[in-house]
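Inspection log for the structure reproduced underneath, given as C-alpha cells.
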Amino acid sequence: MVWLKIDLTNLIQIMANPAQENNTVLKPEVAKPKLPPMFKVMLLNDDYTPMEFVVETIERFFNKSREQATQIMLKVHIEGVGVCGIYPQDIAETKMSQVMNHAMEAQHPLQCIIEIA
Ligand code: TYC
C-alpha cells in the first residue's frame, strides 16, 4: 500500500482549493513503520557485590543462560560496564527497577543504569 504524506499546510490548501489550482505537490511515500527508540540496560562494576549474585541477577531478569550471564558479569567486572539487554523505554525502566530492588533487598551496592542505544 502506498500512502500520501501531507502536512497541515498542504491539507489546509487542498481543502480550501480542492481543484488543485495551487502548486501543491503530494509526494508519494512508502509508509515506514516507526520503530520505538531502544535503551541499553547496563550493569556497573563495584568492589563488593558477589560475582554469583550478579550472574544470578542477569539470568533472572534478562533471560540469559548461565554461560551468557557469566560472560556479561566478567565483562562488567573487567571493563566497568556491560550491556545486559536492549529494550523499548518502558521495559528498560522496569528491568532497571527490578535489578535495583533485588540488589537493595540483598544489601548489595550493584548499580543498574539505562542509556539510549
Ligand atoms: N567486582 C565484583 C567482585 O569482584 C563483581 C561484580 C561484577 C560486581 C559485576 C558488580 O556489575 C558487577 N565481586
Side-chain angles (χ1 to χ4, degrees):
M1 157 132 23
V2 174
W3 292 87
L4 292 179
K5 192 173 171 188
I6 59 174
D7 62 22
L8 195 55
T9 311
N10 284 146
L11 184 61
I12 292 164
Q13 283 177 352
I14 291 161
M15 292 182 77
N17 190 353
Q20 288 260 345
E21 284 154 16
N22 54 49
N23 290 325
T24 301
V25 176
L26 297 181
K27 187 163 156 250
E29 277 184 27
V30 177
K32 296 191 198 97
K34 275 263 187 304
L35 296 172
M38 302 295 275
F39 288 74
K40 295 181 282 188
V41 181
M42 302 184 296
L43 290 181
L44 304 182
N45 190 33
D46 65 70
D47 291 339
Y48 305 103
T49 306
M51 290 185 175
E52 178 60 27
F53 181 85
V54 178
V55 171
E56 284 171 5
T57 300
I58 297 168
E59 283 182 279
R60 175 164 166 185
F61 295 109
F62 300 97
N63 309 311
K64 302 294 186 196
S65 68
R66 184 86 190 163
E67 292 70 28
Q68 291 171 319
T70 303
Q71 281 191 359
I72 294 168
M73 182 280 296
L74 284 174
K75 184 181 173 69
V76 178
H77 177 69
I78 292 163
E79 297 180 18
V81 60
V83 177
C84 296
I86 304 178
Y87 308 94
Q89 185 166 14
D90 52 348
I91 297 174
E93 285 171 350
T94 300
K95 301 255 177 214
M96 177 175 65
S97 296
Q98 288 173 330
V99 169
M100 294 298 287
N101 289 337
H102 183 58
M104 275 209 309
E105 276 169 17
Q107 298 192 298
H108 295 311
L110 180 63
Q111 295 294 306
C112 183
I113 61 170
I114 62 175
E115 183 179 282
I116 189 124

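We count residues from 1, following the sequence as given. For ligands, and for the atoms within them, numbers begin at 1 and follow the listed sequence. Computed over heavy atoms, backbone and side chain alike; hydrogens, waters and symmetry mates excluded.
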N/O donor to acceptor pairs below 3.5 angstrom from side-chain atoms of residues 102-116, sequence neighbours left out:
| from | atom 1 | to | atom 2 | distance (Å) |
| --- | --- | --- | --- | --- |
| Q111 | NE2 | P109 | O | 3.2 |
| E115 | OE2 | K40 | NZ | 3.1 |

Per-pair distances, 0.1 Å, donor-acceptor, side chain in residues 70-77, under 3.5 Å, sequence neighbours excluded:
| from | atom 1 | to | atom 2 | distance (Å) |
| --- | --- | --- | --- | --- |
| T70 | OG1 | R66 | O | 2.7 |
| K75 | NZ | E79 | OE1 | 2.9 |
| K75 | NZ | E79 | OE2 | 3.4 |

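Across all non-hydrogen atoms, the minimal contact from Y87 to V41 is CD1-CG2, 3.7 Å.
Under 4.0 Å from any atom of ligand 1, one finds heavy atoms of residues L43, L44, N45, D46, T49, M51, V54, M73, V76, H77, L110.
Grouping the Ile, Leu, Val, Met, Phe, Trp and Tyr side chains by contacts below 4.5 angstrom, directly or via other members, places F62 with M100. Transitive grouping of hydrophobic side chains (ILVMFWY, heavy atoms separated by less than 4.5 Å) keeps L44 and V54 in distinct clusters.
Taking the side chain to side chain contact (heavy atoms under 4.5 Å, CB included) definition, one finds that A69 meets it with V55, I58, E59, K64, sequence neighbours left out.
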